[in-house]
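To start, the structure itself, in structure tokens.
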Protein chains: 2
Amino acid sequence: MTDTQNETPALDSVFHALADPTRRAMLARLAEGELRIGELAAPFAMSLAAASKHVRVLEHAGLLERRVAGRTHFCRIQAQPLQAAQAWLNYYSRFWRGRLDTLEALLVAEQEADDRADRQTEKDAGAAHE
Amino acid sequence: MTDTQNETPALDSVFHALADPTRRAMLARLAEGELRIGELAAPFAMSLAAASKHVRVLEHAGLLERRVAGRTHFCRIQAQPLQAAQAWLNYYSRFWRGRLDTLEALLVAEQEADDRADRQTEKDAGAAHE
DNA sequence: ATATTATTAAACCATATGGTTTAATAAATG
DNA sequence: CATTTATTAAACCATATGGTTTAATAATAT
């Protein structure tokens, strides 16, 4: 685990940005290509000003880059910061899965011990039979 | 893309829960095993009540399960909801990476076209020379 | 029975969030 | 130049967040 205190502000803002369905939908659309603020806002039942604020949240999280061309602002996704979030999730979910695996391994080991015991008794029974 | 509207409330609460460093640190510790609320709260410079609220946020996001034994509450991680978050991140970061790859492929293709053109003119020049 | 311990409830506070509406700014267009 | 278009700024509002402190609750321990 690299840290948990220094890379943290980025994670804060990235996870926070992702915690809103409007913003996730915006990112989803941006994955297909560059969009103007107006286009980005269009699908949502909210004022342009509100959408504009969501864009800024994404921008501050580093998930979106803005290119101003005249009076229109073009937005493109910048998914690099997602990697920190992914890394965090992967690390801890692996940790968790590891724990589950350990548990499962224990159960399997128990089961196998039982199986061996069963086979042994079968064999014994068979030997007695033969 | 499974949806973007129905699985969304879970994503909301999971990402929101993860957007706070205290809660991430709590999860990190829980990855190592079950802890009481008091133990979970100990490392943080905040009241027990505040920590207790963080625990509830994690609980509501489904990331933490509480087992009450007498007066003490034991918490264990329940990382299943992380998978939805992981899935979202993986899907879109792959999308993004795909786009980058496409862009890169275009640039490489252009470069190769240039190279071919260069080789051609070299060859022509060579032929003229010979 | 009384005290101690583990945790939540309640009331409160400052600040953040997600919206709105009404300007303001600045660029393209008739 | 006047107007329309694209976007943000500002002021405002309700509710949420992350804290605090001081009870309340309930289970142990003395």
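Within every chain, numbering begins at 1; the chains are lettered A, B, ... in the order of the sequence lines, protein sequences first and strands thereafter.
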Atom [atom1] of [X] to atom [atom2] of [N]: distance rounded to whole Å?
X: A:Glu39; N: D:dT5; atom1: CD; atom2: C1'; value: 14 Å
X: B:Arg56; N: C:dT8; atom1: CZ; atom2: C1'; value: 8 Å
X: B:Leu40; N: C:dA6; atom1: CG; atom2: C1'; value: 13 Å
X: A:Glu59; N: D:dT7; atom1: CD; atom2: P; value: 13 Å

Quiz item: Between B:Val14 and B:Ala61, which heavy-atom pair has the shortest distance, and what is it?
Solution: CG2-O, 3.8 Å
Quiz item: So, for A:Leu27 and B:Trp88, which heavy atoms are closest and what is the spacing to 0.1 Å?
Solution: CD1-CH2, 4.0 Å
Quiz item: Once you round to the nearest 0.5 Å, how far does OH of A:Tyr92 lie from CG of B:Leu30?
Solution: 11.0 Å
Quiz prompt | Interatomic spacing from CD1 in A:Ile77 to CG in A:Leu58 - rounded to 0.5 Å | solution = 8.5 Å
Self-check item: N/O donor-acceptor pair under 3.5 Å between A:Arg24 side chain and A:Leu18 backbone
Solution: yes
Practice problem: Return each pair, listed once, that meets side chain to side chain donor-acceptor pair (under 3.5 Å) where at least one residue sits in residues 62-71 of chain A; pairs must be two or more places apart or across chains. | Solution: A:Glu34-A:Arg67, A:Glu59-A:Arg66, A:Arg66-A:His73
Quiz item: Quick one: does A:His16's side chain get under 4.5 Å of A:His60's, heavy atoms only?
Solution: no
Exercise. Check whether any side-chain heavy atom of B:Cys75 sits under 4.5 Å from a side-chain heavy atom of B:Ile37, and report yes or no.
Key: yes
Self-check item: Under 4.0 Å protein heavy-atom contact, by nucleotide of nucleotides 16-22 of chain D - B base, S sugar-phosphate only
Solution: -SSBBB-
Quiz item: What string of B, S and - do you get for nucleotides 23-30 of chain C 5' to 3' if you count protein non-hydrogen atoms under 4.0 Å?
Solution: ----BS--
Closer than 4.0 Å, any side-chain N/O of [X] to the OP1 or OP2 of [N]?
X: B:Arg36; N: C:dA6; answer: yes
X: A:His73; N: D:dA6; answer: no
X: B:Ser52; N: C:dT7; answer: no

